**Q** 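What follows is a structure written as structure tokens; I'll ask about it next.
Just so it is clear, the structure is predicted and the values come from calculations on it, not from any experiment. Throughout, residue positions are numbered sequentially from 1 according to the sequence presented.
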Amino acid sequence: MKEPIRVTDFAQEITEALPKGILLNSKHEKFNSMVIGWGGLGTVWGKPTFTVYVREHRYTKAQLDATGEFSVSIPVNGVIPEIAKVCGTQSGRDVEKETAAHLTLEAPEVIHVPGIREYPLTLECRVLYSQKQDLDRIPADIRARMYPQDVDGTYCMANRDAHTAYIGEIVAAYRIR
């Protein structure tokens, strides 16, 4: 069962959960979920939005580019370590995240990307706009810390690549019961 929510009523809860790790879900040829700690709830062009940032070589990026849809799943009782470990350290190219992290997928309301019962606050989003970051415009101290160039960008946990920002219009919001 799903209980529709007003996103603004949960803004603080969503904002506080984000740096601890929430899930960005995508689905093209198969379902994928990855832990994110950066993002933003907001309003763009008069529409409620959630912005996510995905590095260039991530499996999720290819899925978002192919479908233009994503869901965001937010825990209400804290991060579940097993889910965070699998979805935060393994690539969906190599692992079936639904099975490996023991996720219970919940059918979506509007888009084609499911939510996750274990992380019940769910935002379904349709991409309005995306843009790759220009690393030269990022302050040098942040660039050195967050985008070191001495690592292999294809490795799952590598952090050398710029992000693409995806601004998603929130087209459905609910709590899975």
**Q** When rounded to the nearest 0.5 angstrom, what distance separates NZ in K85 from CD1 in I80?
**A**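 Rounded to the nearest 0.5 Å, the NZ-CD1 separation comes out at 15.5 Å.
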
**Q** What's the spacing between Y129 OH and W45 CH2 if we round to 0.5 Å?
**A**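 Going from OH on Y129 over to CH2 on W45, the span is 7.0 Å.
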
**Q** Please confirm whether the backbone N or O of R6 pairs with a side-chain atom of T8, one donor and one acceptor, at under 3.5 Å?
**A**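 No, because the side chain of T8 does not come within donor-acceptor range (under 3.5 Å) of the backbone of R6.
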
**Q** Can you tell me how far the CG atom of L121 sits from the CD atom of E13, to the nearest 0.5 Å?
**A**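 Between atom CG of L121 and atom CD of E13 there are 5.0 Å.
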
**Q** Under a 4.5 Å cut-off applied to non-hydrogen side-chain atoms, are K47 and L128 in contact?
**A**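 Yes; the side chains approach each other to less than 4.5 Å.
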
**Q** Which value, rounded to the nearest 0.5 Å, describes the distance between I5 atom CD1 and L123 atom CG?
**A**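 The CD1 atom of I5 sits 6.0 Å away from the CG atom of L123.
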
**Q** Just wondering, more than 12 heavy atoms not from Q149 lying within 6.0 Å of its CD?
**A**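 Correct, the count exceeds 12.
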
**Q** Only one of Y53, Y147, W38 clears side-chain hydrogen bond (donor to acceptor under 3.5 Å, both in side chains) with H163; which?
**A**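 With H163 as partner, Y53, Y147, W38 yield a single side-chain hydrogen bond (donor to acceptor under 3.5 Å, both in side chains), made by Y147.
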
**Q** Answer yes or no: is there an ion pair linking E169 with R126, defined by an N-O contact shorter than 4.0 Å?
**A**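 The answer is no: the pair does not qualify as a salt bridge.
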
**Q** Other residues, nucleotides and ligands only: do more than 12 of their heavy atoms fall within 6.0 Å of NZ on K30?
**A**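 Above 12, so yes.
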
**Q** Does the R55 side chain pair with the main chain of D161, one donor and one acceptor, at a distance under 3.5 Å?
**A**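 Looks like yes, one N/O pair under 3.5 Å.
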
**Q** Hey, which of P108, C125, S73 is the one that makes side chain to side chain contact (heavy atoms under 4.5 Å, CB included) with N25?
**A**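 Among P108, C125, S73, the one that satisfies the side chain to side chain contact (heavy atoms under 4.5 Å, CB included) with N25 is S73.
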
**Q** C87 and L23: side chain to side chain contact (heavy atoms under 4.5 Å, CB included), yes or no, with the steps?
**A** CA-CA 8 Å; C87 296; L23 297 177; 3.9 Å; yes

**Q** Does the structure place the NZ or CZ of K27 under 6.0 Å from the centre of the six-membered ring of F70, at an angle of no more than 45° from the ring's axis?
**A**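 No, a cation-pi geometry is absent between K27 and F70.
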
**Q** Decide, yes or no, whether a salt bridge links R137 with D134 under the criterion of side-chain N to carboxylate O below 4.0 Å.
**A**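 Answer for the salt bridge query: no.
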
**Q** Check this for me: does any side-chain nitrogen of one of R117 and E106 sit under 4.0 Å from a carboxylate oxygen of the other?
**A**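 Judged by the 4.0 Å cut-off on N to carboxylate O distance, R117 and E106 do form a salt bridge.
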
**Q** Can you confirm whether more than 12 heavy atoms, excluding those of N77, are under 6.0 Å from its CG atom?
**A**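 It does not: N77 CG has 12 such atoms or fewer within range.
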
